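Written below as structure tokens is the structure these notes are about.
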Amino acid sequence: MERTLIIIKPDAVQRGLSGEILRRFESRGLRIIGMKFMQVSRGLAEKHYDVHRERPFFASLVDYIISSPVIVIALEGTNAIQIARNTIGATNPAEAAAGTIRGDFAMEIGRNLVHGSDSVENGEIEVGNFFDDTELVSWERATDSWIFE
Ligand code: IDP
Ligand code: MG
């Protein structure tokens, strides 16, 4: 089972799209193992986006993610990384396929609604950055055997 960190970003929460976005991951078959509503601190935002520190958009990216509350979700599933990223769509909403979250609800790269981890290793690291072990729940979903073979 892989783990991915999903962030329903400030624009999505402000626009009332949180439920719609969670619904897409849930109905895809990914299993929720952690979820909370929070205000991201500047320190945590800079750590989360450290790989982009030298990029010209780094400051505006950090300001965006701390501008208003977010919902962070830890999801688990076979191929969770790839499946979540395909559900989210391309980074630039102008290039995101219709049927993806960004392709259906977003217009610009700096307001692209949702984050999903980009590798198995980063999924583990990012879930650990946002959740304590006590906030993650290991559970059997009644539908698991109908979703995971
Ligand atoms: P991802 O969210 O699809 O993984 P990344 O390349 O990891 O995309 O970039 C992280 C976030 O930084 C993007 O989701 C987007 O909000 C922002 N971003 C990426 N590239 C640009 C850019 O060229 N201009 C402004 N913001 C950007
Ligand atoms: Mg990324």
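As the structure lists them, so they are numbered: ligands from 1, and atoms in each ligand from 1. All figures in this text were calculated on a predicted structure; none of them were measured in a lab.
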Review item, side-chain donor-acceptor pairs of residues 32-39, under 3.5 Å, at least two apart:
unit_1, atom_1, unit_2, atom_2, d
Lys36, NZ, Phe130, O, 2.7
Lys36, NZ, Glu135, OE1, 3.0
Lys36, NZ, Glu135, OE2, 3.2
Gln39, NE2, Ile66, O, 2.7

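For Arg102 (side chain) and Thr87 (main-chain N/O), no donor-acceptor pair under 3.5 Å exists by modelled atom type. Judged by distance alone, the side chain of Arg141 and the main-chain N or O of Leu30 form a donor-acceptor pair under 3.5 Å.
Applying the ring pair (Phe, Tyr, Trp, His ring centres under 6.0 Å) rule to pairs touching residues 3-32 yields nothing, sequence neighbours excluded. Listed by first and then second residue, the ring pair (Phe, Tyr, Trp, His ring centres under 6.0 Å) pairs involving residues 50-84 are His52-Phe57 (not counting sequence neighbours).
Salt bridge annotation for Lys47-Asp50: absent, with no cationic side-chain nitrogen under 4.0 angstrom from a carboxylate oxygen.
Listed as neighbours of ligand 1 are Lys9, Tyr49, His52, Phe57, Leu61, Arg85, Thr91, Arg102, Ile109, Asn112, each bearing a heavy atom under 4.0 Å from the ligand.
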